[in-house]
Number of protein chains: 2
Amino acid sequence: MNTIKDVAREAGVSVATVSYVVNGTKKVSAEVEARVLEAAQKLNYRPNAAARSLRKSEARILGYELPLPETGDISSFMQRFAYGLTTHAAEAGYHIISFAAVGEDVVQTYRQMILAGRVDGFIVAGTNWHDDRIQFLVKQGFPFVSFGRTAIENPYSYVDVDGYDGLQQVIAHLLELGHENIAFVGWPKDSFSGDSREQGYIDALDSVGLAAQAVERSSNTIEGGYSAARKLITNHPEITAIACVSDVIAIGAVRYLSRHGYHVGQDIVVTGFDDIPLSQYVTPPLTTVTQPLDEVVFQLIDVLTHKIEEDSSYTSQTLLKPTLVIRDSTIGVSNL
Amino acid sequence: MNTIKDVAREAGVSVATVSYVVNGTKKVSAEVEARVLEAAQKLNYRPNAAARSLRKSEARILGYELPLPETGDISSFMQRFAYGLTTHAAEAGYHIISFAAVGEDVVQTYRQMILAGRVDGFIVAGTNWHDDRIQFLVKQGFPFVSFGRTAIENPYSYVDVDGYDGLQQVIAHLLELGHENIAFVGWPKDSFSGDSREQGYIDALDSVGLAAQAVERSSNTIEGGYSAARKLITNHPEITAIACVSDVIAIGAVRYLSRHGYHVGQDIVVTGFDDIPLSQYVTPPLTTVTQPLDEVVFQLIDVLTHKIEEDSSYTSQTLLKPTLVIRDSTIGVSNL
DNA sequence: TTGAAAGCGGTACCAG
DNA sequence: CTGGTACCGCTTTCAA
């Protein structure tokens, strides 16, 4: 591994000069520049990251806490999310260090990475209402952006997808199809995104004078959706549509209905949310709502790097609109 | 951010002494040690990672190239893989830097990270027959372990799951159930793991005097499995079992068969490989082969850290046995 | 336009 | 057992 000294010697200049041309930080005569470049090339020179970090007090690394993979997870959204983060970060000149929050004190992991100067900022995903990590980072004044909102008052930067709007779109679609008895399957009451999707459902019905009387809750599993559908059908036989908070739950609901003689898409319709890969392969393919993943990731990195490099007080709150994807589960013509 | 100097001042000792107690590298009197620890605690001290890296020429970071998420990917294996890597790496005192190989020259990314001293080693996944990355790393003599084998001759460390053995188990199970006309759906001929699973199928049949005459190939998609099943049924109406190289393909095959009047698990049986979460939710649940993910990840980190810390010439090649998981797609009783 | 040298925060050798 | 200090590789100020 050649150092800046080797390059300087090879090019017959000082280390300062090499630094200038490598970083483009100072004007250097064309002739000298060429010589340095050639020497650097020849010696396969790359500035040592640690030395540079130490000197400039910047790691050029972003921290990202991997969400705990849920057993039976059928999505792959977070995988694409992580991939998108790394590619966009790379374009901005950053690497991503991923870490897993160990047991007890999640915040402790964040604190140590900050104290060690390991990272210049964090991307925080999987936020919950009163997110400890966000409270901590806000208090520390350490750069971060979250994917998803929380109930925390202090201003901080986030990028989120408007689940409220997503469900408004879903309900508008169902109303247009003539449905009036529309049920909803939500998550347990604890997540910001779950609750705002539900609110979108409630308000959309309310705005046309319909009531949201049939609501079930379920964990984000196929089994959960299955039994939620059972309860709805049993307790509210009048319903003709079930809007679900997620595709996974919707798939469970469709399964229950199909097994019990309903032709989903005709007798009764079902919608999901997320547009997971599987949603187009189930029978019938699922009407759902898709999140602008690439835009989310781009914004996340853009906001964070701006905060780090330009203006540490920069705060940006972005709400992106999701898109309704209509498939056979709401407009099924024939369901074999 | 307090430095070692601050701690030294606070404790009334030299920086050397602080370093000794923080790292436990030299004996220090109990009284001094206590004082230093207290000061460090009080000042919230954490050694600066860059400074330490620079001095010790070690990054305590491992590089991991994220596989490109395939559209329509239904698994989530690689997500759990990445999570497992991070947690095990953390236990060994390493962070994981993930990166995505940009377009043209994949190897270039590896080279630059090495030259910059960013990482102490690599975990290479998604290997192919003549993997450029592995050839490069072997030539460089840079520490790495791969998940998966290749055709490369030079010795290098890997951890892999024995797909050959997995298919032997599958076929043994099918033979036991009385099947004699067993087809196989493989991947296009290019992956080591695909080919060795296929060889397991061939040899298992061969060893009992049966021929492997019905083989189709398909990309790793549901659609691929669907049409592969169609071809098999059309060209080889005598078959009573289809062993697939992956769950995704198996799910496609099951779908074709179910749609065409077959009761999978009774009229005809199907097996997969990987035990993706979805495989237990399809109808009928899939008999498949599960990989010892946690053991894989543990070995990977263990071998790599050993190579980095103890003995750079250490080479270890581990082949782990997968486990057959029997579900209704081979022993279905009722397939409502 | 170029270079000498200080210093980022640690580690570890060597002396006491 | 404790401490002074050189040095890891780079950036950047200041002077020439």
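Letters go in sequence order (proteins before strands), and every chain restarts at 1.
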> What is the distance from CG of Leu43(A) to P of dG9(D), rounded to the nearest Å?
14 Å
> Given side chains that start at C-beta, do those of Phe77(A) and Leu293(A) come closer than 4.5 Å, heavy atoms only?
yes
> Only pairs at least two apart or in different chains count here, so list each side-chain hydrogen bond (donor to acceptor under 3.5 Å, both in side chains) that has a residue in residues 57-67 of chain A.
Arg60(A)-Tyr94(A), Arg60(A)-Glu309(A), Glu65(A)-Tyr110(A), Glu65(A)-Arg133(A)
> Check salt bridge (charged side-chain N to carboxylate O under 4.0 Å, His left out) between Lys321(B) and all other residues, then give those that pass, not counting sequence neighbours.
Asp162(B)
> Quick one: is Ser14(B) getting a side-chain N or O under 4.0 Å of the dT2(D) phosphate, OP1 or OP2?
no
> By nearest heavy atom, map Gly12(A) and Asn23(B) onto DNA chain C; which one lands nearer the 5' end?
Gly12(A)
> Might you point out which heavy atoms bring Leu54(A) and Ala51(B) nearest each other, and give the distance in Å?
CD1-CB, 3.7 Å
> From dC10(D), dT12(D), dT2(D), pick the nucleotide closest to the side chain of Ile4(A)?
dC10(D)
> Can you say whether the rings of Phe99(A) and Phe122(A) are parallel (under 30°), tilted (30 to 60°) or perpendicular (over 60°)?
perpendicular
> CD1 of Ile301(B) to NE2 of His306(B): how many Å apart, nearest 0.5 Å?
14.5 Å
> What is the ring orientation for Phe192(B) with Trp129(B), classed by angle as parallel under 30°, tilted 30 to 60°, or perpendicular over 60°?
tilted
> Tell me the interatomic distance from Asn2(A), atom CG, to dC8(D), atom C1', rounded to whole angstroms.
15 Å
> Who pairs with Ser75(A) by side chain to side chain donor-acceptor pair (under 3.5 Å), at least two apart in sequence or on another chain?
none
> Using atom CZ of Arg9(B) as one end and atom P of dG3(D) as the other, report the distance to the nearest whole Å.
15 Å
> Could I get the full list of side chain to side chain donor-acceptor pair (under 3.5 Å) partners for Ser19(B), not counting sequence neighbours?
Asn23(B)
> Would you jot down, in residue-number order, the residues of residues 48-62 of chain A having a non-hydrogen atom under 4.0 Å from DNA chain C?
Leu54(A), Arg55(A)
> Which residues pass the side chain to side chain donor-acceptor pair (under 3.5 Å) test with Lys56(A), not counting sequence neighbours?
none
> Would you classify Val18(A) as touching base, sugar-phosphate or nothing, given that sugar-phosphate means primed atoms plus P, OP1 and OP2, and contacts are heavy atoms under 4.0 Å?
nothing
> Just the atom pairs and distances: protein N or O near nucleotides 14-16 of chain D's N or O, under 3.5 Å.
unit_1, atom_1, unit_2, atom_2, d
dC14(D), N4, Lys26(A), NZ, 2.9

> So, the side chain of Ser76(A) versus the backbone of Ser76(B): is there a donor-acceptor pair under 3.5 Å, distance only?
no
> Of Ile123(A), Thr87(A), Val119(A), which meets side-chain contact (heavy atoms from CB on, under 4.5 Å) against Ile96(A)?
Ile123(A)
> Quantify the bending of the helix from dT1(C)-dA16(D) to dG16(C)-dC1(D) as the angle between its end axes, each fitted on five pairs, to 10°.
40°
> May I ask you to check whether Thr127(B) and Tyr158(B) show a side-chain donor-acceptor distance below 3.5 Å?
no
> Using modelled atom types and a 3.5 Å cut-off, is there a donor and acceptor pairing between side-chain atoms of Asp120(A) and backbone atoms of Ala59(A)?
yes
> Hey, where on DNA chain C does chain B first and last touch, going 5' to 3'? Cut-off is any atom under 4.0 Å from a heavy atom.
dG9(C) to dC14(C)
> Could I get the full list of salt bridge (charged side-chain N to carboxylate O under 4.0 Å, His left out) partners for Lys42(A), not counting sequence neighbours?
Glu10(A)
> If you assign each of Lys27(B) and Met1(A) to its closest nucleotide in DNA chain D, which residue comes earlier from the 5' end?
Lys27(B)
> Ser19(A) near the nucleic acid: base, sugar-phosphate alone, or nothing, with a heavy-atom cut-off under 4.0 Å?
base
> Go through the structure and list residues passing salt bridge (charged side-chain N to carboxylate O under 4.0 Å, His left out) with Glu31(A), not counting sequence neighbours.
Arg35(A)
> Which of residues 109-120 of chain A have a heavy atom under 4.0 Å from DNA chain D?
none
